[in-house]
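Following: one structure in structure tokens, then a few remarks.
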Amino acid sequence: GGWRIYRDGRAVWLREIDVIANGGRTGAGTPWWGPLGVVDGDRVIFRRAQLGRQTFLPHSLCKKVDLIKLVTGSDAAYLDFAVSRGVDGIVVESFGRGNVPPHVIPGIARALEKGVIVVNATRTGGRVLDEYGYEGGMLQQHRMGVIMAGELSAAKARLKLLLILSQYGPDGRPDPAEVARYFEHSM
């Protein structure tokens, strides 16, 4: 992974960058990690090491992975549609620490029963965590077999899931526990 220097002198790892505003000099940053280092005169001073690196080498992007953005009042219709199209994986973009509307839970259960890998990524820029146990909370989903995306945005989680699943080839099916291990280290 390469790194970039911003005009204000911050050095950041490219893979840690997220869009944090839609314009201006601070349109992108590393809100969870902070800068890698700073520019001081004619040198870059590194303050921390790169986080763990994962490498994926699929022969082709041969799997179907959908991203479903949930909103207040969402139900299982989009999940059921994705499963009917034969997707291999689904990333749901959730609220807060991974919470989804309760009417989405039956669709998640049906997807998991069909062998579809389901990953939960929050839209809030935080970390998905299985601490809320109510209907639709991440604790319930985790117990069902939903994988937590950690700090990854939904778009990055979708790309990562696509790469992971594609490594197994068009007919390969990984063990969900193995996929979950890849997401334990979000970068």
Does the side chain of [Y] come within less than 4.5 Å of [X]'s, by heavy atoms?
X: Ile68; Y: Glu93; answer: no
X: Leu163; Y: Pro58; answer: yes
X: Leu165; Y: Pro174; answer: yes
X: Leu112; Y: Ile108; answer: yes
X: Arg97; Y: Met138; answer: no
X: Glu184; Y: Met148; answer: no
X: Val104; Y: Leu70; answer: yes
X: Gln141; Y: Val100; answer: yes

Determine whether Val91 and Leu161 satisfy the following criterion, side-chain contact (heavy atoms from CB on, under 4.5 Å), listing intermediate values before the conclusion.
CA-CA 8 Å; Val91 174; Leu161 183 58; 4.1 Å; yes

Approximate separation, where rounding is to 0.5 Å, of [X] [atom1] and [Y] [atom2]:
X: Tyr78; Y: Lys69; atom1: OH; atom2: NZ; result: 13.0 Å
X: Leu162; Y: Leu67; atom1: CG; atom2: CG; result: 12.0 Å
X: Lys114; Y: Asp88; atom1: NZ; atom2: CG; result: 14.0 Å
X: Arg85; Y: Asp80; atom1: CZ; atom2: CG; result: 13.5 Å
X: Leu79; Y: His103; atom1: CG; atom2: NE2; result: 14.0 Å

Closest contact, heavy atoms only, [X] versus [Y]:
X: Cys62; Y: Pro170; result: SG-N, 3.5 Å
X: Gly73; Y: Pro101; result: N-CG, 4.3 Å
X: Ser60; Y: Ser166; result: O-CB, 3.3 Å
X: Gly136; Y: Gln140; result: N-OE1, 2.6 Å

Of Ile117, Val83, Val119, which is the lone residue that meets side chain to side chain contact (heavy atoms under 4.5 Å, CB included) with Ile90?
Val83

Check against side-chain contact (heavy atoms from CB on, under 4.5 Å), Ile105 and Met144:
CA-CA 10 Å; Ile105 293 294; Met144 293 169 61; 4.0 Å; yes

Distance-only donor-acceptor check, side chains Asn99 and Ser94, under 3.5 Å:
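Their side chains do not contain a donor-acceptor pair, so the 3.5 Å distance test is not met.
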
Would you confirm whether Lys64, through its side chain, and Gly89, through its main-chain N or O, come within 3.5 Å as a donor-acceptor pair?
no

Cation over ring, Lys160 on Phe183, under 6.0 Å and within 45°?
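Here Lys160 passes the 6.0 Å and 45° test against Phe183.
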
N-O pairing of Asp66 and Arg158 below 4.0 Å:
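Looking at Arg158 together with Asp66, the answer is no, because their closest N to O distance does not fall below 4.0 Å.
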
More than 12 heavy atoms of other residues, nucleotides or ligands under 6.0 Å from CZ of Phe95: is that the case?
yes

ILVMFWY cluster, Val87 and Phe81 together (side-chain gap under 4.5 Å)
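Not linked; separate clusters.
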
